Amino acid sequence: MGGGWDKEGDGNKRLLLYAEKRLGEPVQKITKLRGKVWLVETKTKKWILKEYPGIERLKRQMLLTTTLLESGFSHICRFLPADDDGDCIFEQTCFGIMEYIEPHPDAFAYHTEQDILSAFRLLKAYHRATGRFPLSAKIEFPRFFQLRKWRNRYREFLENKGEIMHYMPAFYFKTYESWAHASLKRLGEKEPIFTRPPYCITHGDVAHHNFLRGKDGKLYLIDFDLARLAPAWTDDLQFCNRILPSISWSLSKLCNLGIMMDAPDRETILEALLYPADVLREWNQFITCGENEKEQLWPHLSSITFGQFEERGRFVLEVEKQLRA
C-alpha cells in the first residue's frame with residue numbers, strides 16, 4: 001500500500017463515496033475520530049471506517065473476529081464482509097469497515113477493582129476462545145517473542161540516552177536502566193518459558209482504552225492490531241503492568257486479584273514485573289515526536305516517570321524481597 005490515505009480538497013467526499021459503495025446506502029455524515037479512523041453515519045446505522053497497513057493485516061483481523069463469533073464470543077466489533085480483496089482498497093489504501101458500538105456515557109477505565117476484574121474476565125474468555133481455534137487459523141498470526149521485544153526496547157532506550165537525558169535527570173535514567181537490566185538478566189535463561197505451548201491468539205495491547213463499555217452495558221474488546229500467536233499469560237503479564245498504577249503499585253493487591261494464576265511459575269512473573277515496560281516504551285516514542293506532540297505527551301510521561309517513581313520503587317523492593325524469600 002501507499003504511505004496512508006491523507007488527501008486534501010475533496011478527499012473526504014471521495015472517501016464518503018467509497019463508504020457508500022461498500023455499505024450500499026447513502027452516507028449522511030463522515031467524521032474523522034482520530035488518526036486513521038472515521039465514524040460513518042447512514043440513515044439506519046453507524047459504522048467505523050479504519051485504514052490498515054495492508055490487506056493481509058486486515059484479513060487476519062477479519063478472520064479473528066469471524067472465528068470468535070462462530071465460537072460464541074460476541075464481545076467484539078463485527079466487520080462488514082467483503083466479496084473480494086479489491087473491495088477493501090481505495091486509492092491504493094486498505095480500509096476495513098466494522099459496526100460501531102455506541103459507547104456508555106461512563107467510559108471504561110481501570111478505576112476500581114470491579115472494573116479491573118471485569119476486563120480481566122473478558123480477556124480470559126477471549127484467550128479460551130482463541131485457544132480453541134483450529135491450527136489453520138492460528139498459524140495465520142505472527143509469533144510473539146516477549147523477551148526479544150523487551151531486549152530491543154532496552155537497547156533502543158540506551159541508544160536514545162543522550163536525547164532522553166535532555167528531559168530526564170541522570171539518577172532516574174540510571175534507575176530505570178538498572179531495573180530493566182536486572183529483569184532481563186534474571187529472565188535470560190528462561191526464554192523457552194515465554195514460548196512454551198499452549199498457544200492462543202493474544203490481544204497484545206490490553207490498555208484500558210481497548211476495553212469499550214457499550215451503551216448496552218456490555219464490555220467489549222477492541223483493536224486487535226497487535227494480535228499474535230503466544231501463550232495467554234504474556235497478555236496477563238502486560239495486564240499486570242497496565243493496572244499497577246491503579247492499585248498504587250501494590251504487590252499484595254495484585255496477588256489478591258488472582259491475575260498471575262496462569263503464569264508458568266511465580267518466580268518468572270515476579271522477575272518480569274521488574275521490567276519498566278511502560279517507561280521505556282513511552283520514552284522511546286517521545287523522542288521521535290515533534291514539539292507539539294511532545295507537549296501533548298508530556299503530562300502522561302512525566303506522571304509515569306516521576307510522579308509514580310516512589311511507589312514503583314517500593315514495588316521493586318517488595319518484588320525483590322519476595323524473590324529472595
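Treat the numbers as computed from the prediction; the structure is a model and nothing was measured.
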Closest non-hydrogen contact found for T130 with C200 is OG1-CB, 3.3 Å
Indicate every side-chain donor-acceptor pair of residues 286-299 with a distance under 3.5 Å to a residue at least two apart or in another chain.
| from | atom 1 | to | atom 2 | distance (Å) |
| --- | --- | --- | --- | --- |
| T288 | OG1 | Q285 | O | 2.6 |
| K294 | NZ | Y167 | OH | 3.2 |

Given the rule that I, L, V, M, F, W and Y join up when any side-chain heavy atoms are under 4.5 Å apart, are I76 and I222 in one cluster?
no
Classify the ring geometry of Y18 against F95: parallel below 30°, tilted from 30° to 60°, perpendicular beyond 60°.
tilted
Can you confirm whether or not the ring centre of Y199 sits under 6.0 Å from the ring centre of F133?
no
Ring centres under 6.0 Å, that's the criterion: do F157 and F173 meet it?
yes
Ring centroid separation for F309 and W179, is it under 6.0 angstrom?
yes
Quick check for you: to the nearest 0.5 Å, what is the distance between T202 atom OG1 and H127 atom NE2?
6.5 Å
For the aromatic rings, using the six-membered ring if either is Trp, is the centroid distance between F306 and Y172 under 6.0 Å?
yes
Residues K45 and E99 bridged, charged N to O under 4.0 Å
yes
Salt-bridge test for K46 and E102: reply yes if a basic N is under 4.0 Å from a carboxylate O, no otherwise.
yes
Could you tell me whether K161 and E177 make a salt bridge, using a distance below 4.0 angstrom between a side-chain N and a carboxylate O?
no
If you measure from the Lys or Arg side-chain nitrogens to the Asp or Glu carboxylate oxygens, is any gap between R266 and E271 under 4.0 Å?
no
From CA spacing to verdict: side chain to side chain donor-acceptor pair (under 3.5 Å), T112, D115:
CA-CA 5 Å; T112 67; D115 289 331; 3.1 Å; yes
Could you pull out the closest heavy-atom pair between L219 and H75, with the gap in Å?
O-ND1, 2.7 Å
Are more than 12 heavy atoms, taken from residues, nucleotides or ligands other than H181, located less than 6.0 Å from that residue's NE2 atom?
no
Give a yes or no on whether a salt bridge exists between R312 and D278, defined as a side-chain N under 4.0 angstrom from a carboxylate O.
yes
Verify the neighbour count for atom CZ of R148: are there more than 12 heavy atoms of other residues, nucleotides or ligands below 6.0 Å?
no
Using the rule given for salt bridge (Lys or Arg N to Asp or Glu O under 4.0 Å), can you reason through D223 versus K50, listing the C-alpha separation, both sets of side-chain angles and the distance that settles it, and then say yes or no?
CA-CA 10 Å; D223 194 351; K50 180 176 178 180; 3.4 Å; yes
Between Y275 and W150, is the ring centroid distance below 6.0 Å?
yes
Of E310, Q308, E311, E318, which is the lone residue that meets side-chain hydrogen bond (donor to acceptor under 3.5 Å, both in side chains) with W249?
Q308
Cationic N near anionic O, under 4.0 Å, D205 to R228
no
ILVMFWY network linking I269 to I247, side-chain heavy atoms under 4.5 angstrom:
yes
Take T42 and Q28 through the side chain to side chain donor-acceptor pair (under 3.5 Å) test and state the conclusion after the steps.
CA-CA 5 Å; T42 70; Q28 296 182 327; over 6 Å; no
Within 6.0 angstrom of R151 CZ, more than 12 heavy atoms from elsewhere:
yes
Give the minimum heavy-atom separation between R57 and D225, together with the two atoms involved.
NH1-O, 3.9 Å
Between R213 and D106, is there a side-chain N and carboxylate O pair less than 4.0 Å apart?
yes
Take F171 and Y176 through the ring-ring contact (aromatic ring centres under 6.0 Å, His included) test and state the conclusion after the steps.
CA-CA 9 Å; F171 168 75; Y176 285 115; 9.2 Å; no
Please check if L226 and F145 belong to a single hydrophobic cluster, counting links between Ile, Leu, Val, Met, Phe, Trp and Tyr side chain heavy atoms closer than 4.5 Å.
no
Within a reach of under 6.0 Å around NZ of K185, are more than 12 heavy atoms found that belong to other residues, nucleotides or ligands?
no
For the residue pair I259 and C240, what are the closest heavy atoms and their distance?
CG2-SG, 3.5 Å
Under 6.0 Å between the ring centres of W233 and F194?
yes
Can you confirm whether or not the ring centre of Y220 sits under 6.0 Å from the ring centre of F211?
no
Carboxylate-amine/guanidinium proximity below 4.0 Å for K124 and D236:
yes
H208 and F108 aromatic centres sub-6.0 Å
no
Out of the candidates T268, V316, N241, only one should pair with L273 under the side-chain contact (heavy atoms from CB on, under 4.5 Å) rule; please name it.
N241
